[in-house]
Amino acid sequence: MDIVYQLVHGLSGLPAQESRLARFFLDNFAQIPEATMEELAAKAGVSPATLQHFARSIGCDDINDFIGQVRHQQQENNLLVPAAPMLGDAAWVDPGALKALALNAGIGSEILDRFSHSIGRENNGDILGQIRNRLNDFSQQESRVAQTILDDVSFAASATIDQLATAAGVSPATITRFARASGCDDIRDLRMKLAQASTPVAGGDMALPWREKLNKLQNALNSQFCELQPAVINQAVVRLKQAKAVHIFSASAADTPFASLLQYRLLTQGYPANICQDPALMSITASMLGAGQVLVVFAGSAPENALIAAAHQARRLGAEIIFIGRDSGSFIHSDDILLPLTEVRYGSLLIIDLLCEGIDLLCEGIDS
């Protein structure tokens, strides 16, 4: 095999990332036999799995066979290996160096990611880049999951574990194994990262600090959406719409603005709503509640005993409970509705919007 011919042919006949690898190997042809696979991967800015795939794409059995072919051709041509360092993409391998250059040039993360993709280098922090780089490392079943995700990222970001398993033709247990193999904690973490990857925020001419803030806000909302279940939101909407009256308790001063906002939104929609933020008055208010009334609790932190006791009292008298917070602990009972918060400020605002807009949609006869 003429390995140099295969590399030259690969410059125009292979996909962008593999074409870039062909150029890299031609530029550093003399140094290849002395380098390990890990060193080649680091210098080229790709994963070892990508090197293995490249070697097979130009007719070699694997990367070791490729290195052997290079060594054989050097020996045939009596090529002396110079003591020069390996050149190529070393300056772009370290993500920190690349981000520093972009920052000095006033370039945001979105443009940086597009540039990295245009030269065939995936962002290792991007879940899609990780999945593409590890396609050859996955098992046969996991590869089917990976391809299903890459074919429709938006679907995969919102699908349940059963829906994704059905689409990929695998078992739900395989989805769980795939999530962990992709570097995620679980399927929920995988969905969150896929949602972030499938909905990039356009920055336009916005200043870099503002663009970064906007991206953080987008990530916070994506994370909150992944924690919520549409069916549970719908259940809460129905309870609020059918309630004779809504009473809102705030666990702390930090929760009071959100309780006040929900009260204001409900009042403007024509639904009676009262707010209570004084622990001493919560017990009195709870004692007057009964069937057909709803108690909404905002608790960005663990609720105190006075609030817990008031909620238990309201529950015993027949009131329905909707808990919006982070640490529900032993507060929640089986008949209560839990709307968990991943980020108190933006998560609370999002849930208020979903509830109030859901009531409007329900009034229009549309399933929220």
Side-chain angles (χ1 to χ4, degrees), residues 127 145 148-149 151-168 172 175-176 178-179 184-201 217-243 246 248 255 258-259 261-263 265-266 268-269 271 273 294-300 320-328 331-368:
I127 186 63
V145 179
T148 301
I149 291 174
D151 289 344
D152 193 344
V153 179
S154 297
F155 163 75
S158 59
T160 65
I161 188 170
D162 291 328
Q163 290 172 335
L164 186 56
T166 300
I175 303 296
T176 301
F178 173 83
C184 301
D185 296 333
D186 48 32
I187 182 62
R188 182 180 299 172
D189 187 33
L190 175 63
R191 280 202 302 261
M192 182 181 70
K193 291 179 179 178
L194 289 174
Q196 294 170 357
S198 62
T199 55
V201 179
L217 193 156
Q218 176 72 47
N219 291 339
L221 292 177
N222 283 334
S223 177
Q224 184 63 63
F225 268 118
C226 290
E227 281 292 319
L228 299 174
Q229 299 179 24
V232 179
I233 289 289
N234 289 344
Q235 188 181 1
V237 166
V238 171
R239 285 194 181 183
L240 290 172
K241 184 179 184 302
Q242 295 178 348
V246 176
I248 309 167
D255 299 304
F258 307 115
L261 177 61
L262 177 60
Q263 179 195 30
R265 294 283 297 272
L266 289 174
T268 57
Q269 289 176 289
Y271 296 93
V294 172
L295 173 61
V296 179
V297 177
F298 277 92
E320 297 176 312
I321 309 294
I322 299 175
F323 183 87
I324 303 173
R326 265 186 164 173
D327 186 6
S328 58
F331 183 93
I332 296 298
H333 284 208
S334 58
D335 293 334
D336 298 342
I337 293 178
L338 171 62
L339 301 178
L341 291 174
T342 59
E343 204 280 343
V344 175
R345 179 169 48 167
Y346 299 120
S348 298
L349 293 174
L350 174 62
I351 288 175
I352 292 171
D353 274 344
L354 292 175
L355 294 176
C356 296
E357 290 175 5
I359 291 174
D360 285 339
L361 291 173
L362 204 59
C363 291
E364 297 171 5
I366 302 174
D367 186 355
S368 59

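Residue Glu343 holds its CD atom at 12.5 Å from CG of Asn222, rounded to the nearest 0.5 Å. In this structure, CD1 in Ile175 is found 9.0 Å from OG1 in Thr166, a value given to the nearest 0.5 Å. Remark: Arg345 CZ to Gln224 CD distance equals 13.5 Å, nearest 0.5 Å. One finds the CZ atom of Phe155 at 11.5 Å from the CG atom of Leu194 (value rounded to the nearest 0.5 Å). Going from atom CD1 of Ile351 over to atom CG of Leu262 covers 10.5 Å, rounded to the nearest 0.5 Å. The CD1 atom of Ile337 lies 10.0 Å from the CG atom of Asn234; values are rounded to the nearest 0.5 Å.
Checked by atom type and distance alone, the side chain of Arg326 never pairs as donor or acceptor with a backbone atom of Pro340 at under 3.5 Å. A donor-acceptor pair under 3.5 Å is absent between the side-chain atoms of Glu320 and the main chain of Ile322, judged by distance alone. Of the possible donor and acceptor atoms, none in the side chain of Gln229 sits under 3.5 Å from a partner among the backbone N and O of Val232.
Heavy atoms only, all atoms of each residue included: Asp185 and Asp189 are closest at N-OD2, 3.0 Å. The two residues Arg191 and Ile161 have their closest heavy-atom pair at NH1-N, 4.2 Å. Looking at every heavy atom in both residues, Ala273 comes nearest to Ile248 through CB-CD1, 4.5 Å. Looking at every heavy atom in both residues, Ala195 comes nearest to Ala157 through N-CB, 3.6 Å. Between Cys184 and Lys193 the shortest heavy-atom distance is SG-CD, 3.9 Å.
With sequence neighbours excluded, no residue satisfies side chain to side chain donor-acceptor pair (under 3.5 Å) with Asp162. Among residues two or more places apart in sequence or in another chain, the side chain to side chain donor-acceptor pair (under 3.5 Å) test is passed with Arg188 by Glu227. Applying the side chain to side chain donor-acceptor pair (under 3.5 Å) test to Gln269 and every residue at least two apart in sequence or in another chain returns Asp360.
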Please lay out, stage by stage, how Ile332 and Phe323 fare under the test side chain to side chain contact (heavy atoms under 4.5 Å, CB included).
CA-CA 8 Å; Ile332 296 298; Phe323 183 87; 3.4 Å; yes

Apply side chain to side chain contact (heavy atoms under 4.5 Å, CB included) to the pair Ile149 and Ile127, showing each step before the final yes or no.
CA-CA 11 Å; Ile149 291 174; Ile127 186 63; over 6 Å; no

Would you sort out whether Leu266 and Ile359 count as a side chain to side chain contact (heavy atoms under 4.5 Å, CB included), showing the intermediate values?
CA-CA 9 Å; Leu266 289 174; Ile359 291 174; 3.8 Å; yes

Steps toward side chain to side chain contact (heavy atoms under 4.5 Å, CB included) verdict (Cys356, Leu240)
CA-CA 9 Å; Cys356 296; Leu240 290 172; over 6 Å; no

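Surrounding CZ of Phe258 are more than 12 heavy atoms belonging to other residues, nucleotides or ligands, all under 6.0 Å away.
No side-chain heavy atom of Leu339 sits under 4.5 Å from any side-chain heavy atom of Leu354.
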